[in-house]
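This report refers to the structure that appears directly beneath it.
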Amino acid sequence: MDKDHLIELISNSLIYENEHPKSKEIFIDFKNYLNKLNLDQLRTMSKEFIL
């Protein structure tokens with residue numbers, strides 16, 4: 001899996017959209033955080049949170 005795919009998978013599995021005004025901002029911040037991680041870190045995170 002490439003980095004972009006892992007970021008989408010992790011962010012979509014951990015965060016859901018709701019009516020709260022800050023939810024979109026939090027989602028964007030979280031995706032920015034994930035983008036800063038390297039591929040190995042993302043793989044580890046996906047194993048811990050998705051499985």
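Below, each value reflects all heavy atoms present in this structure, side chains not excepted, and no hydrogens, waters or symmetry copies.
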Approximate separation, where rounding is to 0.5 Å, of Ile7 CD1 and Tyr33 OH: 11.5 Å
Euclidean distance, Leu42 CG relative to His5 NE2, rounded to 0.5 Å: 12.0 Å
For Ile28, all residues meeting side chain to side chain contact (heavy atoms under 4.5 Å, CB included), sequence neighbours excluded: Lys24, Asn32
Under 3.5 Å donor-acceptor, Lys3 side chain and Leu37 backbone: yes
Distance (rounded to the nearest 0.5 Å) between Leu6 CG and Lys47 NZ: 10.0 Å
Any side-chain heavy-atom pair of Leu34 and Gln41 under 4.5 Å: no
Nearest-0.5 Å distance, CG of residue Asp4 to NZ of residue Lys31: 8.5 Å
Under the salt bridge (Lys or Arg N to Asp or Glu O under 4.0 Å) test, residues paired with Asp2 that sit two or more places apart: none
